[in-house]
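Here is the structure we will look at.
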Amino acid sequence: MTESERTETEAPAGCAAAPARDPGARGRRFDAAVRAYLARHPQATVVALGEGLDTGFWRLDNGRLTWLTVVVPEAAVVRRMLLPDGSRRRTVACPAGDHGWLDAVQEPQRGVIVTAPGVLMRLPPATVRALLAACAERFPGGALVFDALPRLTAALARRAAAGTSGGRWPAPVRWGLDRGQLPRLAGVHPGIATVHEVAPVPAASPPWRWTAYGLPSWLGRRAPVRALVPLVCEVRFAAARSPRRASSAVS
């Protein structure tokens, strides 16, 4: 086995010595969506927007996929030092809202799934619309998985951030999405086929069952609380454009 092959298959130092860390309730939803897509497209490219130092490649690698981590340039420098690029995984220095990273996907015909945990909610609505449209056009048959705060929760987060000592978070919440808006989200671009909420994935042996953001599942199902609970969604792109007209559903 070559050095390149070894680094592709072995987890980073310190990870292999301990049991695989559970990615959390939200992370399990993202992982489940990626695994399901890879089952249909085993040679797909996984694009992890804003991944930081996460080790999703080693959790989800099927031996055939290609993995792109997209982070801002200063974070890319750190990731490349700690998690050097390999033959099937690469770090791309580019902000998520900048469409330059789309050119790094070299074989979109094999399938593309984009993950964006904590990313879209921090982009302006117009940037979210443009990113969804760009992915729909460039990655037919692909998918994008993201999380979002309901609009009231997003407003509360902005208000709480404005009241902190720093005045604002470095990346404030700029976009909120209610569950009732999911059908309308498909109207952002004709190339969007469906939008659905990813179902919760229970932990292996949890003492409690939790929602994606730390509430007990029985509480998260209550209508008044559910309206405030963040959601994880999957956007699926059509293999060929339909004649549907686009609408401005992201506001």
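Heavy atoms only: backbone and side chains are in, while hydrogens, waters and symmetry mates are out.
Within the 3.5 Å criterion, the main-chain N or O of T91 finds a donor-acceptor partner in the side chain of D85. In this structure, R79 contributes its side chain and D54 its backbone to a donor-acceptor pair below 3.5 Å. For the pair R26 (side chain) and V232 (backbone), a donor-acceptor distance under 3.5 Å is absent.
For the pair W101/V114, a side-chain contact is recorded, criterion being any heavy-atom separation below 4.5 Å from C-beta on. Between L132 and L185, the closest side-chain pair of non-hydrogen atoms falls below 4.5 Å. Side-chain contact between P42 and N62 is present, with heavy atoms from C-beta onward closer than 4.5 Å. H99 has its side chain within reach of L131: a pair of non-hydrogen atoms, C-beta onward, lies under 4.5 Å apart. Counting heavy atoms from C-beta outward, E107 and T45 have side chains that stay 4.5 Å or more apart. Annotation: side chain of V34 is not in contact with side chain of L65 (no heavy-atom distance under 4.5 Å).
Between V112 and the choices V47, L68, L102, the side-chain contact (heavy atoms from CB on, under 4.5 Å) rule is met once, by V47.
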Take L144 and F237, measure what side chain to side chain contact (heavy atoms under 4.5 Å, CB included) needs, and give me the verdict at the end. CA-CA 8 Å; L144 186 150; F237 305 123; 3.9 Å; yes
Dump the intermediate steps for side chain to side chain contact (heavy atoms under 4.5 Å, CB included) on V173 and L149, then the final yes or no. CA-CA 9 Å; V173 175; L149 300 180; 4.0 Å; yes
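To the nearest 0.5 Å, atoms CZ (R236) and CD1 (I113) are separated by 8.5 Å. Atom-to-atom distance recorded for T69:OG1 and R80:CZ is 10.0 Å, nearest 0.5 angstrom. A distance of 6.0 Å separates CG in L53 from CG in L83, rounded to the nearest 0.5 Å. Here R88 contributes atom CZ and R64 contributes atom CZ; the two are 10.5 Å apart, rounded to the nearest 0.5 Å. Taking CG of L38 as the start and CG of D31 as the end, the distance is 10.5 Å to the nearest 0.5 Å.
Residues R59 and R35 share a closest heavy-atom pair of O-NH2, 3.5 Å. Looking at every heavy atom in both residues, H41 comes nearest to R110 through CB-O, 3.6 Å. Minimum interatomic distance between R174 and P124 (heavy atoms only, all atoms of both residues): NH1-CG, 3.4 Å. Closest heavy-atom contact between V188 and I192: CB-CD1, 4.1 Å. Heavy atoms only, all atoms of each residue included: L177 and L231 are closest at O-CD2, 3.5 Å. Across all non-hydrogen atoms, the minimal contact from L182 to C233 is CD2-SG, 3.6 Å.
At a threshold of 4.5 Å between side-chain heavy atoms, the hydrophobic network of Ile, Leu, Val, Met, Phe, Trp and Tyr places V145 and V201 in two separate groups. V71 and V105 fall into different hydrophobic clusters, defined by Ile, Leu, Val, Met, Phe, Trp and Tyr side-chain heavy atoms under 4.5 Å apart, directly or through other members.
Within 6.0 Å of atom CD in E74, more than 12 heavy atoms from other residues, nucleotides or ligands are found, so the atom counts as buried in its surroundings.
The pair D61-R89 fails the salt-bridge criterion, with no side-chain N (NZ, NE, NH1 or NH2) lying under 4.0 Å from an Asp/Glu carboxylate O. Ion pairing between E234 and R29 fails under the 4.0 Å rule for side-chain N and carboxylate O. Ion pairing between a basic and an acidic side chain is recognised when a charged N comes within 4.0 Å of a carboxylate O; D178 and R151 show such pairing.
Between W67 and F57, the angle of the ring planes goes over 60°, which puts this pair in the perpendicular group of the 30/60° scheme.
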